[in-house]
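Structure, as structure tokens:
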There are 2 protein chains.
Amino acid sequence: MTPPPSPGRRPTMRDVAQEAGVSTALVSIVVRGAVGASEATRGRVLDAAQRIGYVRDERARLLRARRSMDIGVCFETQQPFHHKLLDVMYAAVVSTEHSIVLSAVTPSRGEGAALHDLVAYRCGAIISLGSRLPSQELSEVASGIPLVVANRSMGQELDWVSSDDEQGIALAVEHLVELGHRDVVFATSAGAAGADERNEGFTAAAEKSGAIGEIVEGGSTEVSGAELAVALLERDELPSGVIAFNDRSALGMLDVFVRRGVRVPHDISVVGYDDSEIAGRSYVQLTTIAQDTQAMGQAAVELAVSRIVDEFEGGVRPREVGLAPGASETSFPRRSPEVSSLRIPTTLVVRMTTGPPRSV
Amino acid sequence: MTPPPSPGRRPTMRDVAQEAGVSTALVSIVVRGAVGASEATRGRVLDAAQRIGYVRDERARLLRARRSMDIGVCFETQQPFHHKLLDVMYAAVVSTEHSIVLSAVTPSRGEGAALHDLVAYRCGAIISLGSRLPSQELSEVASGIPLVVANRSMGQELDWVSSDDEQGIALAVEHLVELGHRDVVFATSAGAAGADERNEGFTAAAEKSGAIGEIVEGGSTEVSGAELAVALLERDELPSGVIAFNDRSALGMLDVFVRRGVRVPHDISVVGYDDSEIAGRSYVQLTTIAQDTQAMGQAAVELAVSRIVDEFEGGVRPREVGLAPGASETSFPRRSPEVSSLRIPTTLVVRMTTGPPRSV
DNA sequence: GTGAAAGCGCTAACAC
DNA sequence: GTGTTAGCGCTTTCAC
């Protein structure tokens, strides 16, 4: 356990081999868990490794392996939802041969730099969470490494998986209509990601259910939500239900309503979007649309894994054997031509901020 | 920019050298930005690299370099404060020779595993954010790589940097006393990290300022804060000021007060702790104690960097030269015996939830 | 200013 | 079952 007290180097496989009285190849077999070593030897090697404090050098292993099983994940430190996705992704690769390599986008570090690092580590595939780059630029920086975009819908050139926002808003509308609401307002956030899809979803769902659907600007923050609430209160009549662009905006509305004595849901029903942590807290209890973090993360990982496998199969292994040095032309592995796009259904989480309208 | 359309390999230095008509050594010099290449050559090499889409292999570079300048950072996905720290740390290494390598602690992945990965990548130093492991275990898994704990105070065996909680609470007490409050309550959270320090800080500060200081249990969540608020309202007389263990608890209290028509700060002053994002929002405006994220992150990075430099200086470089193979005993580099402990002062952020007591 | 060559720690044929 | 060996892509003397 405790390392020997002499100066210098970290233990390597050679040291373990020496300590156990075997060859390095055998040590490699044992630490990799590969077949080809007797139980007795395995035990002796593992013992020796433990004794001298051996930790396998990942840099060397990765360098030597023909292809990396690692999945590089590019995420934003500022995005709580990304952290949820990270949890799911880590869980998804537990006890597989894959592991996750992280690269963060921060205020001082752009997405390009983050992705570049992942390429420099030669990940087998890359997942970019909520990428802000155009697909052209994305595939350029990925430079041949399979790339999957999660939490954002992209065009036809790239693999991606995101929530089905159109369906999500429809869920909210249907919920209110079923409760008996006839006039519902959607507080959209102009220019925000997914705004177009949500607007369309709202209009379509309102039409389909015969409700009066009005779209107003309600922003993505508590402040803008509060402002909208004030504006709504100034109307002759309050709409019976309002769907916020996200939970933060809904929270801003709720705050104004509570302070002004407007009872929720008796006087007005409020629906959020995101099912953020705060929405579920006991003193908030906001009805909201939940994105399926689990499904999204899982799908992104599965897509990435399948791309890694693709590379294996489409690889040059058969021809590589016996190839004269320098005989193969330099280039990147080709991508599979078929891209996958996945829209993950959202779900409605009914809590305390929605109920039948007063008039019923 | 676009890679050649042939099958297989990624471009290596050899390919760049060939494309530019120089040797690989020269390419290395150029991509490292080292001295020893003419401007003309430099340009030619960079051009060639760009043309064939060369990205330097970080695994190979790291493996070959005698020592790594990388700082491994172990963080928890669930901790918003860790993400702030990541931002600061990334900013701190921008345009230095150091870079950040991330390893996440998630519900499915313990701190031990996260730290182990960092060791496997042979980082030059490791920073663990808010480590939950005992120092004995920490140094065991770090196995000779310098380790710095941030956002938690440790004993004498380890480098660490954390907020000065004792001083932080004192700040809150002094603020209330200066406003004229004589009876203040501290809602502690038994067993939470930093609770002991905060309790002591509260008692000492109350004593020193001649105020009546009472410590009650108020927990770390909105729910427990709300419960405490209810309990306080049942008393014959409300204390004139209450200091919550953190912002979440304070938020729970505020929610109860608002709903019950208790005016803040007129009827009671409330102080939070953390200066979380929500505390500053326009509809909350919570007076709170802010941890100095910037200073903490910066200090942690500086400590880590200094440990990396230590290793260089304490290294075996001079003796290593001309050493017969196998002549040096296997072991880890020795740590500097002197550990650094840093308490970062917190600051008071005065917002709208504190004011003079009603009796004044 | 430039090139040849050794080797970082590991894996994976291949021989025995 | 076990040992020998040839590199993965890079950096870094050391000659020229």
Side-chain angles (χ1 to χ4, degrees), chain A residues 8-18 20-45 49 52 54-69 97 119-122 316-317 320-326 328 330, chain B residues 8-18 20-45 49 52 54-69 97 119-122 317 320-323 325-326 328 330:
Chain A
R9 282 169 39 231
R10 283 199 73 91
T12 72
M13 275 193 168
R14 278 248 299 268
D15 301 313
V16 178
Q18 205 168 329
V22 296
S23 73
T24 59
L26 216 25
V27 175
S28 173
I29 286 173
V30 170
V31 297
R32 275 180 2 237
V35 294
S38 65
E39 265 321 303
T41 312
R42 198 170 290 276
R44 252 186 326 138
V45 169
I52 66 177
Y54 170 73
V55 176
R56 183 168 51 164
D57 191 324
E58 199 66 3
R59 307 166 301 180
R61 187 187 68 75
L62 252 17
L63 179 59
R64 192 56 180 84
R66 1 182 95 269
R67 267 170 184 45
S68 171
M69 289 296 184
E97 53 191 340
V119 174
Y121 273 106
R122 301 292 191 268
V316 290
R317 211 107 68 89
E320 206 171 34
V321 175
L323 206 63
S328 90
T330 290
Chain B
R9 281 170 40 230
R10 284 198 73 91
T12 73
M13 276 194 167
R14 275 250 299 269
D15 302 312
V16 178
Q18 204 168 329
V22 296
S23 73
T24 60
L26 211 26
V27 175
S28 173
I29 287 173
V30 171
V31 296
R32 276 184 356 241
V35 294
S38 64
E39 265 321 302
T41 313
R42 197 171 290 275
R44 255 189 321 139
V45 169
I52 66 176
Y54 171 73
V55 176
R56 183 168 51 164
D57 191 324
E58 198 66 3
R59 305 166 302 179
R61 186 187 70 75
L62 251 17
L63 179 59
R64 192 57 179 81
R66 5 182 89 268
R67 270 175 185 38
S68 170
M69 288 296 184
E97 53 191 340
V119 174
Y121 273 107
R122 301 291 190 267
R317 214 105 67 89
E320 207 170 32
V321 175
L323 204 62
S328 91
T330 290

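Computed over heavy atoms, backbone and side chain alike; hydrogens, waters and symmetry mates excluded. Reminder, nothing fancy here: chain letters follow the sequence lines and each chain counts from 1.
- Comparing D/dG9, D/dC10, C/dT2 against the side chain of B/Tyr54 picks out D/dC10 as the nearest.
- Distance from the side chain of B/Leu63 is smallest to C/dG9 among D/dC10, C/dT11, C/dG9.
- As a whole-Å value, the separation of A/Met69 CE from C/dT11 P is 14 Å.
- Rounded to whole angstrom, the span from the CG atom of A/Leu62 across to the C1' atom of D/dC10 amounts to 14 Å.
- In this structure, A/Asp57 places its CG atom 17 Å from P of D/dG9, rounding to the nearest Å.
- Residue pairs satisfying the salt bridge (Lys or Arg N to Asp or Glu O under 4.0 Å) criterion with at least one member in residues 31-41 of chain B, sequence neighbours excluded, are listed as follows: B/Glu39-B/Arg42.
- Side-chain N/O atoms of B/Thr12 include none lying less than 4.0 angstrom from OP1 or OP2 on D/dG9.
- Taking atom CG of A/Leu26 as the reference point, atom P of C/dA12 lies 15 Å away to the nearest angstrom.
- Looking at the side chain of B/Arg61, the nearest of the listed nucleotides D/dC10, D/dT2, D/dT4 is D/dC10.
- Between B/Arg56 and the phosphate of D/dT11, there is a side-chain N or O to OP1/OP2 separation shorter than 4.0 Å.
- Side-chain atoms of A/Val55 and A/Arg10, non-hydrogen and from C-beta on, do get closer than 4.5 Å to each other.
- With DNA chain C read from its 5' end, the first of the two nearest nucleotides for B/Ala25 and B/Ala60 is the one closest to B/Ala25.
- Whole-Å rounding puts the A/Met13 CE to D/dT5 P distance at 18 Å.
- To the nearest 0.5 Å, the span separating OG1 on B/Thr24 from CD on B/Gln18 amounts to 11.5 Å.
- By the 4.5 Å heavy-atom criterion applied to side chains, A/Met13 and A/Tyr54 are counted as neighbours.
- Comparing C/dT2, D/dC10, D/dT2 against the side chain of A/Thr41 picks out D/dT2 as the nearest.
- Here CG of B/Leu63 is found 11.5 Å from CD of B/Glu58. Values are rounded to the nearest 0.5 Å.
- Summarising the geometry, the separation between CD on B/Glu58 and C1' on D/dT11 is reported as 13 Å, rounded to the nearest angstrom.
- In this structure, B/Arg59 reaches neither bases nor backbone, as no heavy-atom distance under 4.0 Å exists between it and the strands shown.
- A donor-acceptor distance shorter than 3.5 angstrom exists from the side chain of B/Arg59 to the backbone of A/Leu62, with no hydrogens or angles considered.
- Of all the residues in residues 28-39 of chain A, A/Gly36, A/Ala37, A/Ser38 reach under 4.0 Å from DNA chain D with at least one non-hydrogen atom.
- Using a 4.5 Å heavy-atom cutoff, the side chains of B/Arg122 and A/Asp57 are in contact.
- Residue A/Asp15 contributes atom CG, which lies 12 Å from atom P of C/dC8 at whole-angstrom precision.
- The distance from atom CZ of B/Arg10 to atom C1' of D/dC10 is 15 Å, rounded to the nearest whole Å.
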